[in-house]
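Read through the structure below, which is laid out as structure tokens, and then see the notes.
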Amino acid sequence: MSAPSSLDTISSLCKRRGFIFHSSEVYGGINGFWDYGPMGCEMKRNIKDDWWRFTVRTREDVAGLDATIIMHPAIWKASGHLDTFSDPMCTCRACKKLMRADQIWDILLESAAGQSLQTLIDEKADFGKIAGWCKGKGQGMSPNLASIQKPEVLSAAVEALRDNPEQYMSVQAIYTLFGNDAASTEASTISPCPYCGGELTEPRPFNLMFKTIVGPVDDPANVAYLRPETAQAIFAQFQNVLSTSRQTVPFGIAQMGKSFRNEVTPRNYTFRSREFEQMELEFFIRPDEAVELICGKVKTMADNPDLSVPQDDWGWEVWHKYWVEQRKFWIQSCGLPKDSFVEYWQKPDELAHYARACVDIQYSFPFGVQELEGIAARSDFDLSQHQKHSGKSMEVFDEPLKLAATKLDDAAKTSFINKVVSDWTSRGKDAEAAKTFVAKLFEGKYVPHVIEPSAGVDRMMLALLCNAYEEQKLLDDKGKEDVRVVMHFSPRIAPVKVAVFPLVKNKPELYSKAREVFEHLRRRYSSFWDESGAIGRRYRRQDEVGTPWCVTVDFQTLEDGTFTVRDRDSMQQERLTLEQLKAKIEDALI
RNA sequence: GCGGGCGUAAUUCAAUGGCAGAAUAGGAGCUUCCCAAGCUUCACACGUGGGUUCGAUUCCCAUCGCCCGCUCCA
């Protein structure tokens with residue numbers, strides 16, 4: 001038994017059996033867009049339905065939302081996508097590297113009077129760390145900027161410099177730092193490439209969001225964008241959902257739907273598409289300070305909490321871990337074995353600045369270990385951004401919090417204020433902001449924090465396809481070797497649950513009995529009828545689309561009502577009645 | 001966006017400056033059959049657009065797409 005699931009093998013099968021087609025194929029195809037065929041759309045629907053069932057319907061604390069793809073452009077300004085998704089890019093004519101103008105350009109253009117390298121390193125611990133990193137990684141490489149391969153390190157360098165504009169390095173200092181000859185660039189009037197010193201192109205706009213025009217007038221004032229994620233609509237509609245769903249924090253809002261990103265390089269089949277579908281949950285929780293006021297103490301992971309049922313005293317850390325576990329459970333329940341994916345905790349220097357923690361669930365795809373979904377603890381960043389930009393309050397009123405606050409005497413309040421201020425300032429935040437925040441807490445008000453589990457439908461499906469694929473070598477009666485291709489989908493995800501065959505098609509009684517069984521089953525389950533070719537051939541066809549059970553109506557069926565039920569994975573057969581078969585299917589679909 | 005490789009049937013592969021073949025898969029029929037059996041039969045391809053040429057699937061250019069490596073991936 002082997003599973004040589006190269007992406008080519010998978011994509012061939014997907015095309016041959018009607019799972020996935022290249023979009024617009026008759027016109028040569030279009031890069032980064034894929035269509036789901038008869039089998040694919042059934043399977044994709046099953047994945048989405050199961051996510052919705054697990055995330056929304058079986059929970060009391062999650063409500064649904066289905067928002068539009070095109071929204072007010074101000075949403076993307078508030079979320080930060082407009083700035084970070086449409087940066088001008090430069091290309092180096094010499095080394096052909098592509099870089100964001102605002103990252104590299106700034107260093108080179110906004111140079112101040114020369115600071116010596118040693119001064120910078122001595123005075124700036126952060127920058128010293130970066131330089132150290134470069135030295136460490138640069139072993140065996142020529143010591144120049146090319147040794148900075150990690151974009152986040154570059155970002156950190158820019159960030160460190162930006163915080164201290166008076167200490168921007170000169171171009172010469174940068175080149176000296178990385179061992180390049182300062183003299184060679186000194187006379188240059190064209191800003192050089194920070195990697196090789198070569199000539200850069202002018203910054204060109206590089207939009208990662210798809211643009212469109214709302215209304216018939218093609219005017220820049222009417223520009224709108226196709227959403228690059230579904231999450232923002234949830235934040236924008238937060239107050240509406242809250243006031244109509246009879247929910248109170250902690251609770252979540254879930255949404256699935258299409259998103260669009262103008263990826264630089266869509267690659268790896270459907271893994272990184274330009275049009276894709278997301279399943280996102282924004283789960284809103286109390287700030288830890290509110291939990292502390294209500295419960296007296298905040299539970300953290302250090303307390304080794306039981307994660308099975310949410311508790312009032314959970315802090316953000318426990319909630320985050322809780323959702324990581326929930327997501328892993330769901331992924332497994334779809335049929336991905338536990339050992340096929342890993343839980344990757346992003347390092348502090350990999351986190352977005354507003355994120356407190358982010359876990360990637362990564363699957364071993366044939367092309368490498370890649371992110372399947374992410375679970376981020378995003379603090380109150382998103383709601384606060386929308387509150388700031390829209391001018392509308394994103395605060396909630398929390399009655400238990402108000403009650404808890406009124407029970408505190410002045411001394412306890414002062415002590416609490418001091419504690420929060422000391423905590424915030426130790427994390428580099430403003431003391432006044434902390435005091436305002438606590439004053440609001442005492443009134444029972446705060447902007448909720450959020451835990452965001454965000455999954456890609458297409459990625460999940462690709463992982464399930466890769467995982468399900470198996471080529472089995474079989475020997476027939478004559479000892480002849482034969483290869484069977486089987487898709488081991490879990491019954492819940494399988495596009496077709498049951499196939500029905502008449503053993504022979506030229507015996508009217510048998511044929512009509514088989515039709516009767518089929519008509520009965522298809523009312524409830526996705527079913528497939530096949531009367532063509534030898535019975536073995538029909539079994540193999542179903543194996544390739546992963547149908548868990550095949551039913552063959554034969555002569556005995558006419559006598560006792562039982563038929564053969566053949567199991568996809570074991571190829572074993574058993575005789576069952578219709579009722580027994582239905583019970584078997586129901587059992588597997590729970 | 002850059003560099004390299006590659007585009008022939010639904011799939012996997014041949015061949016060719018002069019009628020493009022096969023295997024598998026698919027349809028119809030016979031066989032009435034429990035793991036791709038057999039027989040008969042049918043349909044299906046040179047990604048697209050230019051150029052060179054008497055003639056281009058083949059050579060050249062462009063374009064689109066795929067793969068690999070960069071780059072990018074809030």
Atom [atom1], compared across [N] and [M]: separation rounded to whole Å:
| N | M | atom1 | answer |
| --- | --- | --- | --- |
| B:rU57 | B:rG50 | C1' | 16 Å |
| B:rC19 | B:rA62 | P | 29 Å |
| B:rU53 | B:rC13 | C1' | 30 Å |
| B:rA25 | B:rU11 | P | 15 Å |
| B:rU40 | B:rG55 | C1' | 39 Å |
| B:rG21 | B:rC42 | P | 15 Å |
| B:rC2 | B:rC72 | C1' | 12 Å |

Do NZ/NE/NH1/NH2 and the carboxylate oxygens of A:Arg541 and A:Glu544 come within less than 4.0 Å?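 Salt bridge flag = no for A:Glu544 with A:Arg541.
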
Check this for me: A:His72, atom NE2, are more than 12 non-hydrogen atoms of other residues, nucleotides or ligands nearer than 6.0 Å? no

In Watson-Crick or G-U wobble terms, both distances under 3.5 Å, what is the partner of [N]?
| N | result |
| --- | --- |
| B:rG69 | B:rC2 |
| B:rA62 | B:rU48 |
| B:rA22 | B:rU12 |
| B:rU53 | none |
| B:rC30 | B:rG38 |
| B:rG17 | none |

Figure out the [atom1]/[atom2] separation between [X] and [N], and round it to whole Å.
| X | N | atom1 | atom2 | result |
| --- | --- | --- | --- | --- |
| A:Glu229 | B:rC73 | CD | C1' | 14 Å |
| A:His22 | B:rA10 | NE2 | P | 16 Å |
| A:Asp554 | B:rC34 | CG | P | 10 Å |
| A:Phe367 | B:rG69 | CZ | C1' | 16 Å |
| A:Tyr27 | B:rG49 | OH | P | 12 Å |
| A:Asp530 | B:rA36 | CG | P | 15 Å |
| A:Asn31 | B:rC2 | CG | P | 13 Å |
| A:Asp8 | B:rC67 | CG | C1' | 7 Å |

Closest nucleotide of RNA chain B for A:Arg459 versus for A:Val26: which of these residues is on the 5' side? A:Val26

When the nearest nucleotide of RNA chain B is assigned to A:Val553 and to A:Asn268 on a heavy-atom basis, which residue is associated with the more 5' position? A:Val553

At 4.0 Å (heavy atoms only), tell me whether [X] reaches a base, stays on the sugar-phosphate, or touches nothing.
| X | answer |
| --- | --- |
| A:Phe21 | nothing |
| A:Arg272 | base |
| A:Asp543 | nothing |
| A:Gln572 | nothing |
| A:Thr564 | base |
| A:Ile30 | sugar-phosphate |

Scan nucleotides 22-26 of chain B against the protein and return all N/O pairs shorter than 3.5 Å with their distances rounded to 0.1 Å.
residue : atom : partner  : partner atom : Å
B:rG26  : OP1  : A:Arg541 : NE           : 2.6
B:rG26  : OP1  : A:Arg541 : NH2          : 3.0
B:rG26  : OP2  : A:Arg537 : NH1          : 2.8

For B:rC73, does the base pair up with any side-chain atom of A:Glu263 as donor and acceptor (N or O, under 3.5 Å, distance only)?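 Looking at the base of B:rC73, it does not pair with any donor or acceptor on the side chain of A:Glu263 (distance under 3.5 Å).
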
Base B:rA36 paired with A:Glu544 side chain (donor-acceptor, <3.5 Å): yes

Kindly give the heavy-atom pair with the smallest separation between A:Arg484 and A:Asp569, and that separation in Å. NH2-O, 3.5 Å

Just by distance, do the side chain of A:Lys497 and the backbone of A:Ala494 share a donor-acceptor pair under 3.5 Å? yes

Just by distance, do the side chain of A:Gln385 and the backbone of A:Ala78 share a donor-acceptor pair under 3.5 Å?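 Yes, because the side chain of A:Gln385 sits within donor-acceptor range (under 3.5 Å) of the backbone of A:Ala78.
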
Pairing donors with acceptors under 3.5 angstrom, does anything connect the side chains of A:Glu280 and A:Thr230?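 Yes, side-chain donor-acceptor contact under 3.5 Å.
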
Plane angle bin for A:Phe365 and A:Phe367 - parallel if under 30°, tilted between 30 and 60°, otherwise perpendicular: parallel

Going by the angle between their ring planes, with limits at 30° and 60°, are A:Trp529 and A:Tyr511 parallel, tilted or perpendicular?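 Ring orientation, 0 to 90° scale: perpendicular.
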
Syn if the chi torsion is within 90° of 0, anti otherwise; quick check, which is B:rC44?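 You should classify B:rC44 as anti.
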
What nitrogen or oxygen pairs link the protein and nucleotides 29-33 of chain B at under 3.5 Å?
residue : atom : partner  : partner atom : Å
B:rU32  : N3   : A:Asn506 : OD1          : 3.3
B:rU32  : O4   : A:Asn506 : ND2          : 3.0

Kindly determine whether A:Lys505 and A:Asp530 satisfy salt bridge (charged side-chain N to carboxylate O under 4.0 Å, His left out), including the steps that lead there. CA-CA 10 Å; A:Lys505 64 179 173 185; A:Asp530 194 351; over 6 Å; no

Candidate nucleotides B:rC70, B:rC66, B:rU11, ranked by approach to the side chain of A:Arg267 - the nearest: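 Between B:rC70, B:rC66, B:rU11, the one nearest the side chain of A:Arg267 would be B:rC70.
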
Answer yes if the ring centres of [X] and [Y] are under 6.0 angstrom apart, and no otherwise.
| X | Y | answer |
| --- | --- | --- |
| A:Tyr225 | A:Trp76 | no |
| A:Trp316 | A:Phe284 | no |
| A:Trp34 | A:Phe276 | no |

